[in-house]
Novice: 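Below you will find the structure I want to go over with you.
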Amino acid sequence: MTRILVVNSGSSSIKYQVVEAATGERLASGLVERIGEPLGRIVHRGADGSEVSRELPVPDHTAGFAEMVRAFEETGTPVDELGISALGHRIVQGGGDFIEPTLLDDVVADRIHELGELAPLHNPGHYQAIVAARALFPDLPHVAVFDTAFHQTMPESAYRYAIDPAVASVHGIRRYGFHGISHQVVSRRAAEFLGRPLESLKQIVLHLGNGASACAIDGGRSVDTSMGLTPLAGLVMGTRSGDIDPGALLHLLRAGYSVDELDKLLNQRSGLLGFAGTNDFRDVRAAADAGDADARLALAVYVHRIRHYIGAYLVDLDGADTIVFTAGVGENNAAVRAEVCADLEWFGVRIDPDRNEAPSREARLISTDDSRIAVLVVPTDEEAEIARQAWELVAG
Ligand code: ADP
C-alpha cells in the first residue's frame, strides 16, 4: 500500500486527502477551516463515502488535526487503520534552498518557518500544521513538497531582477515562481497524452485558476515562469493584479497608501474582481456576454496578458511543441482558450472549435490535426502529484 495523507494548510485552514500514490485515487478528504476564529468548521468525506460536517471552535492546528482524526473514526475507518505510509505537506515557498521534495526534520521545519519572511500569507500556516502533524504522527515520515522547487532549474537570466545585487541578496529578492507542483504534473501528463518523451518536448503550460501562472518548460525543466518573488506577479488573477509597474506602488505610497493597504489592494481587490466586481470567472464571462463593459475589459486585459507570456515563451523556448491549458478556468472555459489562441496561425497554432468546445474531464487535444503546435487541455492534480513525490522520496 502506498497511501499518503496529503496536507495543504493555511494560517486558518487544513485541507487534507488520503491519496493512493500509485494511482492518484482519493480514499478520503476533508477541510478544517476558520481555525482560531470563534466558530470553526470541519467537512469530511470518509473512505466509506459518508460525510461529517460540524461547526465548533477550532483554536489551533493541533485541534484541527484532532478533529480530522475524530472524523475518520466516525466515518468507519480510524486514521491509523488506513495504512498511511507518509504525510506529504504542500509548501508554497521553499526559497532557493529546496530544489526537491525533502524529508521534514526540525531543521527543515525551522527553515520553512524562516522563509515566512518571503511568504507571510503561506509559510507560517504551513509551519503550524507541520508542528501539529509531526506531534500527532511521530512515527510516520513527513515530506515537504514545494511549489517553488520545480522552478529552481530556471537560468539566472530568468530568475534575477535587475536591482542592486547586494540588496537582492540580503532580502532574498529574485524570481522563485509558484504552482510548480501543478506545472510539473501537467507537463508530464501532457507528454504521456502525446505519447512522446517529456525530455523531447518544449511546452508552455497555462495554469489558469483563481491564481494563475504561465510556465516555459524545456524537456521537463522549468526555464521561465510568470510568478516572481511572490505569487502576485505575472498574469491577471481572480483577485491579484499580476504584473504592474513597480513605480505605480511608489506613486501610491507617496499618495498616502500604507503598506498594508497596498498589500490588500494588489492581492485581494485587483485582478478580475477589481475590474468586474467578482473573481468568479463564470460570473465575469456571463456579465461580459450580457454586454457589461467592465467585465469585457477585465477579460480583454486577462487574455492580452496571457498572450504576452505565450509570445515571450515562444522566444524563450525557440518555438514550442505544445501549449497546455489547466486549472479551473483553463480546463473549463472554451471561450477563453479560443481567445488566447486566436490569430496565432503564423506561430503554428490552429484551434479546432468542435474539439475545443466538447466538454470533457480528460486530457484532450483541442487544436487541428495540422496545427504545428498541439494545444491541449490537461486537468491538473496537485494532490496526486504531492502523493507521488512524497512516496518516491520515502520509497527511495
Ligand atoms: P484555485 O486557484 O483556487 O485552485 P481553481 O483552479 O479551482 O482555483 O479555479 C477557480 C476558477 O475557475 C474560478 O474563477 C472559477 O470561476 C473557474 N471555473 C471553475 N469552473 C468553471 C467553469 N465550468 N467555467 C468557467 N470557469 C470555471
Side-chain angles (χ1 to χ4, degrees), residues 1-10 14-30 46-47 61-62 64-66 68-69 72 77-113 115 122-123 125-153 178-189 192 198 220-222 380-396:
M1 252 185 313
T2 59
R3 290 178 180 173
I4 308 293
L5 178 59
V6 175
V7 177
N8 187 353
S9 56
I14 303 168
K15 269 192 237 160
Y16 58 88
Q17 297 192 356
V18 179
V19 182
E20 185 69 52
T23 61
E25 185 197 348
R26 304 304 199 274
L27 292 132
S29 62
H61 286 71
T62 301
F65 279 112
M68 177 193 80
V69 167
F72 271 109
T77 320
V79 73
D80 49 3
E81 289 175 20
L82 271 168
I84 291 168
S85 310
L87 281 84
H89 294 262
R90 189 238 190 103
I91 309 294
V92 166
Q93 178 56 278
D97 309 46
F98 296 108
I99 60 171
E100 53 192 15
T102 305
L103 212 51
L104 271 159
D105 56 18
D106 291 346
V107 175
V108 172
D110 286 349
R111 186 64 192 133
I112 288 169
H113 188 236
L115 285 165
H122 297 103
N123 278 37
H126 299 331
Y127 177 76
Q128 286 172 318
I130 287 168
V131 170
R134 287 181 74 211
L136 189 63
F137 302 103
D139 299 326
L140 287 176
H142 292 246
V143 179
V145 181
F146 298 92
D147 253 327
T148 45
F150 182 60
H151 302 299
Q152 289 296 308
T153 49
F178 299 87
H179 285 151
I181 299 163
S182 177
H183 287 301
Q184 190 168 5
V185 65
V186 167
S187 54
R188 196 179 60 248
R189 289 187 177 178
E192 284 164 10
L198 181 60
R221 293 160 65 86
S222 169
T380 189
D381 192 341
E382 290 162 292
E383 288 77 16
E385 180 65 10
I386 292 167
R388 194 188 69 82
Q389 293 192 17
W391 174 245
E392 229 175 55
L393 180 72
V394 170

Novice: For P101 and V145, work out which heavy atoms get closest and say how close.
Specialist: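 Taking P101 first and V145 second, the nearest heavy atoms are CB-CG2, 4.4 Å.
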Novice: Quick one: are V394 and I4 in side-chain contact, heavy atoms under 4.5 Å?
Specialist: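 The answer is no, as the side chains (C-beta and beyond) never meet within the 4.5 Å cut-off.
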Novice: Could you report the tightest heavy-atom contact between A109 and Y127, atom names first, then the distance?
Specialist: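 Shortest heavy-atom contact: O-CD1, 3.3 Å.
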Novice: For R26, which residues count as a salt bridge (Lys or Arg N to Asp or Glu O under 4.0 Å) partner, sequence neighbours excluded?
Specialist: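 Applying salt bridge (Lys or Arg N to Asp or Glu O under 4.0 Å) to R26 gives D381, E383.
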Novice: For A129 and F65, work out which heavy atoms get closest and say how close.
Specialist: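 Distance-wise, the nearest heavy atoms are O-CE1, 3.5 Å.
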Novice: I want to check something: taking the side chain as every heavy atom from C-beta on, are V92 and F178 in contact at a cut-off of under 4.5 Å?
Specialist: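 They are in side-chain contact.
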Novice: So do F72 and V18 actually touch side chain to side chain, heavy atoms under 4.5 Å?
Specialist: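 A side-chain contact under 4.5 Å exists here.
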Novice: Do you know which two heavy atoms are closest between A86 and L140, and how far apart they sit?
Specialist: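 Shortest heavy-atom separation between A86 and L140 comes out as N-CD2, 4.5 Å.
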Novice: Is the closest side-chain heavy-atom distance between Q152 and F146 below 4.5 Å?
Specialist: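 They are not in contact (no side-chain heavy atoms under 4.5 Å apart), so the answer is no.
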Novice: Assess whether atom CD1 of I99 is packed by more than 12 heavy atoms of other residues, nucleotides or ligands within 6.0 Å.
Specialist: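 It does not: I99 CD1 has 12 such atoms or fewer within range.
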Novice: Within the 3.5 Å criterion, strictly below it, is a donor on H142 or H89 matched to an acceptor on the partner's side chain?
Specialist: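 The answer is yes; a qualifying pair exists.
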Novice: Where is the tightest heavy-atom contact between G125 and S9, given as atom of each residue plus distance?
Specialist: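 What the structure gives for the nearest pair is O-OG, 3.6 Å.
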Novice: Among all residues two or more places apart in sequence or in another chain, which pass the side chain to side chain donor-acceptor pair (under 3.5 Å) test with N123?
Specialist: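 Residues passing side chain to side chain donor-acceptor pair (under 3.5 Å) with N123: none at all.
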Novice: Begin from the C-alpha positions of R388 and E385 and carry the test salt bridge (charged side-chain N to carboxylate O under 4.0 Å, His left out) through to its verdict.
Specialist: CA-CA 5 Å; R388 194 188 69 82; E385 180 65 10; 3.0 Å; yes
Novice: Contact between L103 and V108 at the side-chain level, heavy atoms closer than 4.5 Å - yes or no?
Specialist: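 Result no, sub-4.5 Å side-chain heavy-atom pair not found.
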Novice: So, for T77 and A47, which heavy atoms are closest and what is the spacing to 0.1 Å?
Specialist: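 Where T77 meets A47 most closely, the heavy atoms are OG1-CB, 4.0 Å.
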Novice: Side-chain contact, heavy-atom cut-off 4.5 Å: L104 with I112?
Specialist: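 L104 reaches I112 side chain to side chain.
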Novice: Can you check whether R90 reaches V6 side chain to side chain, under 4.5 Å on heavy atoms?
Specialist: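 Contact flag for R90/V6 side chains = no.
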Novice: Any side-chain heavy atom of F137 within less than 4.5 Å of one from V79?
Specialist: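 F137 vs V79: side chains touch.
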Novice: Among residues at least two apart in sequence or on other chains, which ones pass salt bridge (Lys or Arg N to Asp or Glu O under 4.0 Å) with D106?
Specialist: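 Expected list: R134.
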Novice: Roughly how far, to the nearest 0.5 Å, is the NE2 atom of H151 from the CZ atom of R221?
Specialist: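 With rounding to 0.5 Å, CZ (R221) is 13.5 Å from NE2 (H151).
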Novice: Run the numbers on I91 and I130 for side-chain contact (heavy atoms from CB on, under 4.5 Å), then give the verdict.
Specialist: CA-CA 10 Å; I91 309 294; I130 287 168; 3.8 Å; yes
